[in-house]
Amino acid sequence: MIDLSVDLGFMRLNNPVIAASGTFGYGLDFVPFINLDDIGGFVIKGLYAQPRPGNSPPRLAETSSGLINAIGLPGIGMKKFAEEILPQLKKYNAALFVNVCGENPEEYITVVDYLNGFDEIAAYELNISCPNVEKGGSCPALFPEDTFSIVKQVKEASLRPVITKLSPNVTNIVEIALAAQEAGSDAISLVNTFLAMAIDTKTRKPKIANIMGGLSGPAIKPIALRMVYQVAQNVTIPVLGMGGIMSGLDAVEFLLAGATAVEVGTANFVDPEVTICMIKEMEQYCRIHGVEKLEDLVGAIDVSI
Ligand SMILES: Cc1cc2nc3c(=O)[nH]c(=O)nc-3n(C[C@H](O)[C@H](O)[C@H](O)COP(=O)(O)O)c2cc1C
C-alpha cells in the first residue's frame with residue numbers, strides 16, 4: 001500500500017492533489033463527477049467581503065496551449081458563502097481552503113475575521129496576486145514590501161494557517177516568497193496566472209473585453225515549475241505548486257521540484273474527474289518506481305550531471 005499523504009506543516013493531507021481556486025467553484029459543482037473526499041482538498045473561488053459581478057464578457061479566450069481569463073473575481077461574498085455553502089460542505093473530509101481577496105488590507109482582514117467564526121475551513125489562501133481585476137485591484141504580490149505588509153496584517157487577524165499565493169508576473173519570485181515567509185506565512189502557493197493577451201485578427205479587437213487577462217494551462221507549466229523550484233530552494237515553509245498541471249506525471253514533476261502539494265486549475269475544465277485520474281497516476285508512478293511514500297519525492301530532483 002503506497003502512502004500518498006503529505007505534510008503541509010499545519011495539517012496532513014490524504015494526498016497532495018488540491019483543486020485550485022476559480023476552477024472548482026465552491027466545490028459543490030463537482031459533486032456529480034467526483035467524491036470530494038478522494039482529493040487532498042480544494043480551494044474555493046476568491047472571496048471578497050461583498051458580492052461582486054466580475055468583469056464584462058468576453059472573459060475567456062482559448063489559446064493554442066492555454067486559457068486566458070479575465071473573470072475578475074465575481075463571487076457571492078463572505079456572508080452568503082458562510083451561511084449557504086459552508087453548511088453543505090460540512091459532510092466532506094477533503095481539506096477546504098478559502099481563497100481570500102480584498103481591495104485593501106481592511107477588506108482582507110474583514111473576510112478573515114468573519115470566517116474565523118466558522119469551523120470547517122482548514123486554512124486561508126491569500127490571493128494577493130490576481131492579474132485581471134480592472135479597477136481597485138489588489139496585487140501586493142508584485143512587491144516584497146507590500147507582500148510583507150499584507151501577510152503580516154492577515155496573520156495577526158487570522159486564527160488559521162495562511163497560505164500566501166504568489167504572482168508569476170515578477171522578476172524575482174524568491175524575494176517575494178521570502179517576504180511572505182518573513183511575515184509569518186505558513187505556506188506559499190504559486191503560481192497565479194501570467195498576464196497575457198490575444199487579438200482577433202478579423203475584428204482587430206482583443207479577444208477579451210479587459211484587453212489583458214491571465215494565462216493558465218499547459219503553456220505555463222515549464223515556467224511555473226521553474227518558479228516553484230526556485231522558491232522551494234529558498235524557503236523553509238511548504239510550497240504548493242501549480243501551473244499547467246494536466247496529469248499525474250506533471251504533478252510528480254512539481255513534487256520533485258520541491259512542492260509538497262499541487263493545485264490543479266485549468267485541467268478541471270477539460271475533465272472534471274482529472275484530479276482523481278492524477279491521484280491514480282501518481283500512485284502508479286510510485287508502484288513502478290518503487291516509491292513507498294509519495295512524500296519522499298518532495299524536492300527529490302537529481303541535479304547531478
Ligand atoms: C477561470 C479562472 C479563474 C481563476 N480564479 C482564481 C481566483 O479566484 N483566485 C485565485 O487565487 N486564482 C484564480 N485562478 C488561478 C488558478 O487558481 C491557478 O493559479 C492558475 O490558473 C494556474 O494553474 P492552472 O494552469 O492549473 O490553471 C483562476 C484561474 C482561472 C483559469
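Indexing begins at 1, ligand by ligand and atom by atom, following the structure's order. Just so it is clear, the model here is predicted, and its values are computed rather than measured.
Here the CD1 atom belonging to Ile39 is positioned 12.5 Å from the CD atom belonging to Glu273, to the nearest 0.5 angstrom. Atom CG of residue Asp38 and atom NZ of residue Lys280 lie 8.5 Å apart, to the nearest 0.5 angstrom.
Checked against a 3.5 angstrom limit, the closest N/O atoms of Val264 and ligand 1 fall outside it. The shortest N or O to N or O distance between Asn99 and ligand 1 is under 3.5 Å. An N or O contact shorter than 3.5 Å is missing between Leu60 and ligand 1 by distance. Ligand 1 has no nitrogen or oxygen under 3.5 angstrom from a nitrogen or oxygen of Thr193. Inclusion of Gly46 in the set of residues having an N or O under 3.5 Å from an N or O of ligand 1 is warranted. For ligand 1, the polar-atom distance check against Gly265 finds a nitrogen or oxygen pair separated by under 3.5 Å.
Of the N and O atoms on the side chains of Thr193 and Ser216, not one donor lies less than 3.5 Å from an acceptor on the other residue. Side-chain contact check for Ser167 and Ser129: no donor-acceptor pair (N or O, by modelled atom type) lies under 3.5 Å. For the residue pair Glu125 / Ser21, no side-chain donor-acceptor distance below 3.5 Å is found, with atom types taken as modelled. Using modelled atom types, one finds no donor on one side chain facing an acceptor on the other under 3.5 Å when comparing Ser149 with Glu145.
Formation of a donor-acceptor pair under 3.5 Å by the Ser185 side chain with backbone atoms of Gln181 is not found in this model.
When heavy-atom distances to ligand 1 are checked against a 4.0 Å cut-off, Asn127 comes that close only through its side chain, counted from C-beta outward.
Between Phe24 and Phe30, the distance from one ring center to the other falls under 6.0 angstrom.
Atom 25 (O) of ligand 1 has Gly244 N, 2.7 Å as its closest protein atom, hydrogens excluded (heavy atom only). The protein non-hydrogen atom at the shortest distance from atom 21 (O) of ligand 1 is Ser216 CB, 3.3 Å. In terms of protein heavy-atom proximity, atom 5 (N) of ligand 1 is nearest to Lys45 NZ, 2.9 Å. The nearest heavy-atom contact from the protein to atom 22 (C) of ligand 1 is Val191 O, 3.7 Å. The protein atom (non-hydrogen) at minimum distance from atom 2 (C) of ligand 1 is Asn69 ND2, 3.5 Å. Among protein heavy atoms, atom 15 (C) of ligand 1 sits closest to Asn192 OD1, 3.4 Å. Closest to atom 3 (C) of ligand 1 among all protein heavy atoms lies Gly22 O, 3.4 Å.
Under 4.0 Å is where a charged nitrogen must lie from a carboxylate oxygen, and between Lys221 and Glu253 at least one such pair does. Using a cut-off of 4.0 Å between Lys/Arg side-chain N and Asp/Glu carboxylate O, Arg287 and Glu292 are scored as not salt-bridged.
Across the listed options Pro168, Ser21, Ala19, Ser21 owns the non-hydrogen atom lying nearest to atom 28 (C) of ligand 1. If you check each of Lys165, Met246, Lys221 against atom 12 (N) of ligand 1, the one with the closest non-hydrogen atom is Lys165.
When each atom of ligand 1 is checked for a heavy atom of Thr266 under 4.0 Å away, the hits are 24 (P), 25 (O), 26 (O), 27 (O).
A cation-pi contact, defined as under 6.0 Å to the ring centre and within 45° of the axis, is absent between Arg226 and Tyr229.
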